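The figures here come from the full heavy-atom set of this structure, side chains too, leaving out hydrogens, waters and symmetry mates. Remember, predicted model here, so these are calculated numbers, not experimental data. Remember, it's 1-based here, ligands and their atoms both numbered in the order they're listed.
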Amino acid sequence: MAQYHQFDALVIGAGGSGLMSALYASKSVNTAVISKLYPTRSHTGAAQGGISAALGNMEPDKWEWHAYDTIKGGDFLCDQDAVDILCKEAIHAVIDLEHMGLPFDRTPDGKISQRRFGGHTNNETKKPVMRACHAADRTGHMILQTLYQQCIKNNVRFFDEFQMVDMITVDGACRGIVAVELNTGELHVFHAKAVMLATGGFGKVWKITSNAHSLTGDGPAIILRKSLPLEDMEFYQFHPTGIYKMGILLSEAARGEGAVFINDKGERFMERYAPTMKDLASRDVCSRSIYKEVRAGNGIGGKDYVYLDFRPDRINKYLEADGSSRRVDAEYIETRLPDIIEFVRVYMGIDPITEPVPIQPTAHYAMGGIPTDLDARVLADEKGTVVEGLYAAGEAACVSVHGANRLGTNSLVDLIVYGRRGGIHMAEYAKQVDFKLIGDDAHKAAEDTLNAIRNNAGSEHPGQIRKELQMHMDEHVGVFRTQEKLEEALEEIHRLKERYRHIHIDDKGRRWNTDLMEAWELGCLLDLAEVTAVSALAREESRGGHYREDFPNRDDQNFLKHTMVWSDNRITYKPVRIGRYQPTERKY
Ligand SMILES: Cc1cc2nc3c(=O)[nH]c(=O)nc-3n(C[C@H](O)[C@H](O)[C@H](O)COP(=O)(O)OP(=O)(O)OC[C@H]3O[C@@H](n4cnc5c(N)ncnc54)[C@H](O)[C@@H]3O)c2cc1C
């Protein structure tokens, strides 16, 4: 049996996108949020560097420049109408957060302080522009706390530590979800007029990742299982600065403040790869450049990493060489980047104020995901058919503002802008329709799936399968890809999927059965890894985060289009919506 609940608007996920949509939906309809984590533990809280908006508080800026940078950064795969909305509404969205009480850092005259970030430029001078609004290097933490308080104030009902395991669809429309209450193991049916999937990313498909343990792509995986497509799954971002071997992120804010990459010879090698933007070129360019250095034997001690150098005396030399009059000292760096300095001290046992820091690219962000329209409504196919009652926002979604590569600070804006649009639309929709009937057995499929895992008599250990999956994805579906590597990855994923059918878990109980839930999540990771490799194999070009060594050039003739992939590995394409900017060659 399952407990039954009914809400007008139901949001799955309590990160920035989920809370923003819940906040706006709750202004006019009865709204609940379901989250497998306690809300303030969501990954949004780990976002460090900032949220971009062309406020122009420090120097001239325009939302149109922000839009062009985003489209260029995305290697012209972005839907340009969606980007215009993002960059125009970013300004209002950041001020909205300020009015809710978010403690942004300030300029001496009391405005929101802004800093430089990769790929964000003054379009006239082509130089980096200060566009990222920040609260030290804890911007995401502040956003999450602020939105959570506002949701509580607005009487949003929270179901904390409830995990969605199935979606209820009738005649192609979404009518709710089924969740496990983790504390009791009991199933709950949530009947709703409108459901928002805001379940975040799936970095745990890879081993070296900046993503938290919980980022297993539950929302997108459930979409696949409902015979709906995912968009642009081949575009996954590898952030250049993960702590060596651990993947823990050191925010691009470090380079925004003046840090640079150096190789074994002490060279500032980004000067060669991106003469204008140098260390602040877009992330895909930086990650590839690091591996090119490693391949050329310039990794530190010949190994597979380079240094990120944020020693204040060196930063001053780099700033001087760049013609900047700005200077920093240890106190300034410690104030602007307190968390990441602490991470390096704690996890590596070295002091970044006096020593350079070993870094390597780390799996970071899904540009692709659940396809949506400009109001966050989920799309069922390449023609734009809307799935009634279903919405998606945040990293789980793909409204395609990031195209083939996301610029730093643009995810937090995406959460806030499209979370808000989705929340408003859900509420309007919920006010117009009545609850539609669902069957008494709505929980049955979820119950069967979980029982099948719990009682399976196989001998395979889920943890081992997960480890092997992550290893193969790092090796074969990483920064550099080839047909051969991708085919090998797919074969391996198919073998692992077969082994997954014979898993065994030790804990047969109900309360806090993490064995069971992690085994279920592994199923999601396997499905997402498969469609990622399938989409990457089909895209025979290099664009943004997807780099094919066997097809090293961008091919607008054949591939200026979005991939739609289904669970049976079928692929279709849909055109990119081009606006003011025709695709040109990308130079940094
Ligand atoms: C270390 C790090 C630093 C970053 N720094 C920046 C930055 O400075 N600027 C920037 O723009 N971007 C940054 N990003 C990216 C950005 O933070 C994320 O893309 C964004 O926060 C994702 O937000 P979200 O709302 O989509 O999901 P998340 O914040 O990841 O939240 C997902 C939510 O879904 C819930 N959930 C998931 N599955 C289920 C399920 N089955 N049932 C119930 N609930 C579920 C979780 O409990 C959680 O509440 C960073 C990312 C990382 C990892």
At a non-hydrogen distance cut-off of under 4.0 Å, which region of Leu415 contacts ligand 1 (side chain, backbone, both, or neither)?
side chain
For the backbone of His364 and the side chain of Asn211, can you confirm whether one donor and one acceptor N or O come within less than 3.5 Å of each other?
yes
Donor-acceptor pair between His546 and Asp284 side chains, under 3.5 angstrom:
no
Does an N or O anywhere in Gly13 fall below 3.5 Å from an N or O of ligand 1?
no
Minimum-distance protein heavy atom relative to atom 37 (C) of ligand 1
Thr199 O, 3.4 Å
Contact between Ile222 and ligand 1, counting heavy atoms under 4.0 Å?
no
Looking only at N/O atoms, are Ser210 and ligand 1 under 3.5 Å apart anywhere?
no
What do we get for His134 next to ligand 1 when only non-hydrogen atoms under 4.0 Å count, side chain, backbone, both or neither?
neither
Which one holds for His364 and ligand 1: side chain close, backbone close, both close, or neither close, with close meaning a heavy atom under 4.0 Å?
side chain
For ligand 1, indicate whether the residue Asn410 contacts it via side chain, backbone, both or neither (heavy-atom separation under 4.0 Å).
backbone
Heavy atom under 4.0 Å from ligand 1: found in Leu37's side chain, backbone, both, or neither?
both
Out of curiosity, is Gly50 lining ligand 1, as in a heavy atom under 4.0 Å away?
yes
Can an N or O of Val413 be found at a distance shorter than 3.5 Å from an N or O of ligand 1?
no
